[in-house]
Peer 1: 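Mind having a look at this structure? Questions to follow.
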Amino acid sequence: MALHTAIRAPADLAGSGWYELLPKPPPPRVLEGRRRADWVVIGGGFAGMAAVRRLSQLQPGARIVVLDAQRIGWGAAGRNSGFMIDLPHELASDNYAGGRDHDIKQIRMNRAAIEFAAGAAAEYGLEPHFIRAGKYHGAATERGQRVLAEFEQHLSSLGEPFEKLGADDLRRVTGTSYYAGGTFTPGTVMIQPAAYIRGVARGLADKVEIFENSPVVSIKSGATHTVSTPQGEVETPRIIMTVNGQVESFGFFRRRLMHIFLYASMSQKLSSSQMSQLGGEDYWGLIPADPLGSTVRRFGDRIVVRNSCTYNPSMRVSEDLVKNFGRAHDRSFRERFPMLPDVQAEFRWAGHLCLSLNSVPAFGEVERGIYSACCCNGLGTVKGTLYGKLIADLAAGSGEPMVEETLSEAAPRKLYPEPFMSLGAKAKLWWLQRRAGREM
């Protein structure tokens, strides 16, 4: 028998713009008292909802309990840019690409995850929040154009379609003349992340019990496991942990996960005259040629800018830090959209992502009857969906071949000792963001 006591980092003070745009949810159902379940899923984000949905398919009638420390969609699941990307997207690479064979495998698995998510969107009436829009890569510098040329060569070697774009092409789409050229790929799905994840939870509510504002404070493992929250506990033979980087706070994968925070700002609602002044299309998402540049997304009458990142092994950020990076977002917005001088940011937020040094997940059975689908390496929407589905397949013994493919990956590599890890990570992030230049 072992006791895993969680070390919880305090939550960010502000919700994301995606969450704040939604109607206020009904009061949360908080876990109280004692109960039994066949399964407990800890974490109600992309991986958690995918695991729950897959379990409900594999074992109809099973008693499934979901425990989330916050409101569904308020945490990391509702704080990303909303890109479900099918193609290679290796954040540690200069052009998002990895080795050919590895990328072919990842494309196939990413697309399987997207189709699983598409099934949920269709089943629960979430199509307005799940749009097969593709994505643009934009280059603002000569170096960025060279990076995209290499990326296009890699896509050609993979047999993947793309469209090479000039400055005028991107201006017609985005309304800005900031970019010198770009690349369009058709397979990305654009989602409103908080709306999608809340919608999936709502669609599953008649099959499972979902408890919010119910952080897990300890897990007592044994022949059966006891999962405790501040006001209740659940006895269960099987636990699935879908808490991304927070899995380390329970004692698993210690010193093997890197905790990174990204920062974003969402504009106020654009007026009709401002949208006319901007021009371009109403709905698009653009990823920078440099991975540390600015991701920009327009959805109707709002624009989101995401840039800047920090290494935070404590899993803590402050509102002051969010505001500080908001000034960088404002500069990036003004440079790209000088025709909108009066548009201000209405929402700013930070989002936690988790990486491993060798870009692999924290996946598998970590203790008897306890399973992990964590560490999405910056691709929480698609990888969270993939690993969540596959961990349910593994735990339920479905025989899904992609489970073995995922288990064949190496384990997350151990981090360098402190203080070298923190000093090195912060120095590298500083240099990479400096190198991004106008792409940021």
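Quick caveat, the model's predicted, so the values are computed rather than measured. Values below: every heavy atom of this structure, side chains too, minus hydrogens, waters and symmetry copies.
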Peer 1: Let me know which of Phe347, Phe299, Trp74 forms a ring pair (Phe, Tyr, Trp, His ring centres under 6.0 Å) with Trp18.
Peer 2: Phe299
Peer 1: Is the cationic atom of Arg198 (NZ for Lys, CZ for Arg) positioned less than 6.0 Å from the six-membered ring centroid of Tyr19 and within 45 degrees of its normal?
Peer 2: yes
Peer 1: Inspect the surroundings of CD in Glu127 and state if more than 12 heavy atoms from other residues, nucleotides or ligands are less than 6.0 Å away.
Peer 2: yes
Peer 1: Is there a donor-acceptor pair closer than 3.5 Å between any side-chain N or O of Gln192 and the backbone N or O of Ala195?
Peer 2: yes
Peer 1: Quick one: does Ile219's side chain get under 4.5 Å of Ile42's, heavy atoms only?
Peer 2: yes
Peer 1: Any ion pair linking Arg111 and Glu160 (charged N to carboxylate O, less than 4.0 Å)?
Peer 2: yes
Peer 1: With the side chain counted from C-beta on, respond yes when Glu439 and Val147 share a heavy-atom pair under 4.5 Å apart, and no when they do not.
Peer 2: no
Peer 1: Is there a side-chain contact between Ile210 and Asp68 (heavy atoms, below 4.5 Å)?
Peer 2: no
Peer 1: Among Pro288, Ser332, Ser308, exactly one meets side chain to side chain contact (heavy atoms under 4.5 Å, CB included) together with Ser294. Which residue is that?
Peer 2: Ser332
Peer 1: Can you give me the closest heavy-atom contact between Val234 and Ala37, atom names plus distance?
Peer 2: CG1-CB, 3.9 Å
Peer 1: What I'd like to find out is whether the side chain of Cys376 reaches to under 4.5 Å of the side chain of Leu353, using heavy atoms alone.
Peer 2: no
Peer 1: Is there a side-chain contact between Gln274 and Leu278 (heavy atoms, below 4.5 Å)?
Peer 2: no
Peer 1: Is it true that Glu405 and Lys105 make a salt bridge, defined as a side-chain N closer than 4.0 Å to a carboxylate O?
Peer 2: no
Peer 1: Closest approach of Ala345 and Ser265, non-hydrogen atoms and distance?
Peer 2: CB-CB, 4.1 Å
Peer 1: Under the 3.5 angstrom rule, does the side chain of His352 hit a backbone N or O of Gln246 as a donor-acceptor pair?
Peer 2: no
Peer 1: If we count only N and O atoms by modelled type, under 3.5 Å, do the side chains of Thr174 and Thr176 hold a donor and an acceptor together?
Peer 2: no
Peer 1: Specify the closest pair of heavy atoms between Val30 and Phe211, including all atoms of both residues, with the distance to one decimal.
Peer 2: C-CD2, 3.7 Å
Peer 1: Under the criterion side-chain contact (heavy atoms from CB on, under 4.5 Å), I'd like the reasoning laid out for Leu429 against Ile260: C-alpha separation, chi angles, the key distance, then a yes or no.
Peer 2: CA-CA 10 Å; Leu429 286 176; Ile260 307 292; 4.3 Å; yes
Peer 1: Determine yes or no for a side-chain-to-main-chain donor-acceptor pair under 3.5 angstrom, with Asp282 supplying the side chain and Gly300 the backbone.
Peer 2: no
Peer 1: Whether the Gln231 and Ser214 side chains hold a donor-acceptor pair (N or O, under 3.5 Å, no angle test) is what I'd like checked.
Peer 2: no
Peer 1: If you take all heavy atoms of Glu212 and Ile72, which pair is closest and at what distance?
Peer 2: OE2-N, 2.6 Å
Peer 1: Quick one: does Pro412's side chain get under 4.5 Å of Leu357's, heavy atoms only?
Peer 2: no
Peer 1: Does a salt bridge link Glu209 with Arg29, judged by any charged N lying under 4.0 Å from a carboxylate O?
Peer 2: yes
Peer 1: Would you mind reporting whether Phe363 and Glu409 have side-chain heavy atoms less than 4.5 Å apart?
Peer 2: no
Peer 1: Apply salt bridge (Lys or Arg N to Asp or Glu O under 4.0 Å) to the pair Lys269 and Glu346, showing each step before the final yes or no.
Peer 2: CA-CA 8 Å; Lys269 188 174 182 179; Glu346 184 173 355; over 6 Å; no
Peer 1: Stepwise, does the side-chain contact (heavy atoms from CB on, under 4.5 Å) test hold for Val247 with Cys375?
Peer 2: CA-CA 9 Å; Val247 71; Cys375 190; over 6 Å; no
Peer 1: Determine the minimum heavy-atom distance between Phe130 and Ala117, stating which atoms define it.
Peer 2: CE1-CB, 3.8 Å
Peer 1: Please walk me through it: do Met440 and Asp290 pass side-chain contact (heavy atoms from CB on, under 4.5 Å)?
Peer 2: CA-CA 8 Å; Met440 192 165 173; Asp290 189 289; over 6 Å; no
Peer 1: Any Lys/Arg nitrogen of Arg348 or Asp330 sitting under 4.0 Å from an Asp/Glu carboxylate oxygen of the other?
Peer 2: yes
Peer 1: I would like to know whether Ser267 and Arg302 meet side-chain hydrogen bond (donor to acceptor under 3.5 Å, both in side chains); could you show each step before the answer?
Peer 2: CA-CA 6 Å; Ser267 77; Arg302 292 184 186 264; 5.5 Å; no
Peer 1: Under the 6.0 Å and 45° cation-pi test, does Arg53 pair with Phe116?
Peer 2: yes
Peer 1: So Val305 and Arg336, do their side chains get closer than 4.5 Å, heavy atoms only?
Peer 2: no
Peer 1: Is it the case that more than 12 heavy atoms not belonging to Tyr283 sit under 6.0 Å from its OH atom?
Peer 2: yes
Peer 1: Any salt bridge linking Arg438 with Glu335? Criterion: basic side-chain nitrogen under 4.0 Å from a carboxylate oxygen.
Peer 2: no
Peer 1: Please check if any side-chain donor atom of Asp320 sits under 3.5 Å from a side-chain acceptor atom of Ser318, or the reverse.
Peer 2: no
Peer 1: After noting the C-alpha distance and the side-chain angles of Met266 and Glu20, does the key distance pass the side-chain contact (heavy atoms from CB on, under 4.5 Å) rule?
Peer 2: CA-CA 11 Å; Met266 179 184 289; Glu20 298 299 331; over 6 Å; no
Peer 1: Is there a donor in the side chain of Arg171 and an acceptor in the side chain of Tyr178, or the other way round, less than 3.5 Å apart?
Peer 2: no
Peer 1: Taking all atoms of both residues into account, what is the closest heavy-atom pair of Leu148 and Ala139, and its distance?
Peer 2: CD1-CB, 3.8 Å
Peer 1: Does a donor on one side chain and an acceptor on the other come within less than 3.5 Å for Lys207 and Gln57?
Peer 2: no
Peer 1: Should Arg54 and Glu400 count as an ion pair when the cut-off is N to O under 4.0 Å?
Peer 2: no
